[in-house]
Amino acid sequence: MLAYEIHGGFGLDRLRRVERPDPRPGPGEVLLRMSAASLNYRDLLMVKGRYNPRQPLPLVPLSDGVGEVIEVGAGVSRVQVGDRVATMFAQHWLSGPPTRDKLKLTLGGPLDGVLAEQVVVHADGVSLVPHHLSDVEASTLPCAALTAWTALMDHGKVRPGETVLVQGTGGVSMFALQIASMAGARVIVTSSSHDKLEKARALGAWQTIHYPSTPEWGKTAVELSGGAGVDHVIEVGGAGTLQQSLRAVRPGGHVAIIGILAGSAGEVNLLPVLMQNLRMEGVMVGHREAFEGMCRAIQGHELQPVIDSVFAWTEVRDALEHLGSGQHFGKICLAF
Ligand SMILES: NC(=O)c1ccc[n+]([C@@H]2O[C@H](COP(=O)([O-])OP(=O)(O)OC[C@H]3O[C@@H](n4cnc5c(N)ncnc54)[C@H](OP(=O)(O)O)[C@@H]3O)[C@@H](O)[C@H]2O)c1
């Protein structure tokens, strides 16, 4: 079978198409024939060696995929041949609070990922996907959607009428817009692009802010929320945006620390955190039980993931370059 590996060093030039022996499932494992995958920013960092420079190579990249179960190993009863399943990001995190062990084994590094025609994973590490979604659409759920779901619903406990601010219009943020809207919240979206803000409004954004021309967007968010401040911020910028997020949020509000698009380290004035009883909570994707709950909600509301573009899986390099360009709106996917 064909697969892609990061081979002999990091960088987009080191992505290599290789022939690997057809894998077979051992006891407790399932064999998937992959049909779709989606890209996350982490995948680009992994290929470039910026996620974990010590990651042993070769590595099959990408964490998120959908495939059909074509064989099950001894003792597997959770899924059966013919099921359409998604791969879980943290293979051992089935439910409950995180532990080092639960967070350790993630697909697309350190474990081999899904950019292969056939993939073997433990049966616990897959989950059925919503019926109304195509394979490509469902492939967007394991990391981006679950991260937004965990931040808003598990950690944030978003309630109808609350205000959520999401930064940018990438994969996590567009799911956050849709999930927060589904929960009855009103959503403020920031973006570098007026066109993307227009699209966000069409998706249900309540208010929008063009952040390059509004560097004090935290203050603008407070004004838009009627002076109170927003209840939740989906922080995907990281160090470069956190100060404005702390400004945007109401006393007692919640900032979900998710991404580092604008840097992972920097100077931040923590005074607002203590003076206003803010809650900053880190998010690492989420567990399988949360994924299952999210899929019930997505199916019940017939939520359609926002797909920017679909590339053939053999065009993975072009797809990763497109992700790196930041031109996209929502998710970039691969079809096998
Ligand atoms: N902790 C976790 O579990 C977890 C899970 C998934 C992702 N992440 C992280 O979250 C971040 C987003 O991931 P993603 O996959 O959604 O990325 P993505 O789809 O590549 O999103 C990129 C978009 O983010 C926006 N952006 C970039 N810099 C920004 C800034 N300074 N301020 C506001 N928005 C900015 C831009 O939107 P506009 O073009 O509209 O400006 C850009 O198009 C990444 O750092 C990723 O590693 C973390």
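Because the structure is predicted, anything quoted here is derived from the model rather than measured. When a ligand or atom number is given, it counts from 1 through the structure's own listing order. Because only heavy atoms are used, hydrogens play no part in the values below, and waters and symmetry mates are left out as well, while side chains stay in.
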Only one of D13, V316, L15 passes side chain to side chain contact (heavy atoms under 4.5 Å, CB included) with V47, and that residue is L15

Below 3.5 angstrom, do we get any N/O pair linking [X] and ligand 1?
{"X": "C143", "result": "no"}
{"X": "V283", "result": "yes"}
{"X": "T190", "result": "no"}
{"X": "T169", "result": "yes"}
{"X": "H328", "result": "yes"}
{"X": "L323", "result": "no"}
{"X": "V172", "result": "yes"}
{"X": "G237", "result": "no"}
{"X": "S193", "result": "no"}
{"X": "K196", "result": "yes"}

Q.
Could you check whether E292 pairs with R296 (Lys NZ or Arg NE/NH1/NH2 to Asp/Glu carboxylate O, under 4.0 Å)?
A. no

* Asked: Under a 4.0 Å N-O cut-off, is there an ion pair linking K219 with E216?
  ->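 Judged by the 4.0 Å cut-off on N to carboxylate O distance, K219 and E216 do not form a salt bridge.
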
Tested for side chain to side chain donor-acceptor pair (under 3.5 Å) against E5, the lone hit among R16, R20, R14 is R20

Shared hydrophobic cluster for [X] and [Y] (ILVMFWY, side-chain gaps under 4.5 Å):
{"X": "L59", "Y": "Y41", "value": "yes"}
{"X": "L107", "Y": "V136", "value": "no"}
{"X": "M284", "Y": "L94", "value": "no"}

Report task. Please round to the nearest 0.5 Å and tell me the distance separating atom NZ of K48 and atom CD1 of I6. Result ->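 Those atoms lie 12.0 Å apart.
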
### Query
Does the side chain of V129 come within less than 4.5 Å of V85's, by heavy atoms?
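Contact flag for V85/V129 side chains = no.
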
| Can you find a pair of side-chain heavy atoms, one from I70 and one from Q118, that are under 4.5 Å apart? | yes

TODO: Examine the side chains of S181 and R186 and answer whether a donor and an acceptor come within less than 3.5 Å of each other.
DONE: no

inquiry  = Side chains of S245 and Q167: any donor to acceptor distance under 3.5 Å?
reply    =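 S245 and Q167 do have a side-chain donor-acceptor pair below 3.5 Å.
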
Short list, please: which atoms of ligand 1 are under 4.0 Å from a heavy atom of [X]?
{"X": "G168", "answer": "25 (C), 34 (N), 37 (O), 40 (O)"}
{"X": "S191", "answer": "38 (P), 40 (O), 41 (O)"}
{"X": "G259", "answer": "9 (C), 10 (O), 11 (C), 45 (O)"}
{"X": "M284", "answer": "3 (O)"}
{"X": "G171", "answer": "16 (O), 19 (O)"}
{"X": "T241", "answer": "31 (N), 32 (N)"}

For [atom], what's the nearest protein heavy-atom neighbour? Residue, atom name and distance, please.
{"atom": "atom 24 (O) of ligand 1", "answer": "L261 CD1, 3.2 Å"}
{"atom": "atom 45 (O) of ligand 1", "answer": "I260 N, 3.0 Å"}
{"atom": "atom 21 (O) of ligand 1", "answer": "G170 CA, 3.3 Å"}
{"atom": "atom 43 (O) of ligand 1", "answer": "G326 O, 3.4 Å"}
{"atom": "atom 3 (O) of ligand 1", "answer": "V285 N, 2.7 Å"}
{"atom": "atom 5 (C) of ligand 1", "answer": "T147 OG1, 3.1 Å"}

If hydrogens are left out, which of [options] has an atom nearest to [atom], that is, the closest non-hydrogen atom?
{"atom": "atom 4 (C) of ligand 1", "options": "I258, D43, T106", "result": "I258"}
{"atom": "atom 33 (C) of ligand 1", "options": "Y51, Y41, Y211", "result": "Y211"}
{"atom": "atom 31 (N) of ligand 1", "options": "G286, S192, A262", "result": "A262"}

Across all chains, not counting sequence neighbours, the salt bridge (Lys or Arg N to Asp or Glu O under 4.0 Å) partners of R24 are E71

So does G238 get a backbone contact from the side chain of T241, meaning a donor-acceptor N/O pair under 3.5 Å?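 It does hold such a pair.
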
| query | Tell me, which pairs form a side-chain hydrogen bond (donor to acceptor under 3.5 Å, both in side chains) where one or both residues lie in residues 78-95, sequence neighbours left out? | reply |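 Checked against side-chain hydrogen bond (donor to acceptor under 3.5 Å, both in side chains) - neighbours excluded - the pairs reaching residues 78-95 are R84-D135.
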
ask   = With a 4.0 Å cut-off on heavy atoms, does A144 reach ligand 1?
value =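 Under 4.0 Å: no for A144.
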
Note to self: Taking the ring centre of each residue, are W313 and Y4 less than 6.0 Å apart?
What the structure shows: yes

So, for atom 9 (C) of ligand 1, does the protein have a heavy atom nearer than 4.0 Å?
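Within 4.0 Å of atom 9 (C) of ligand 1, protein heavy atoms are found.
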
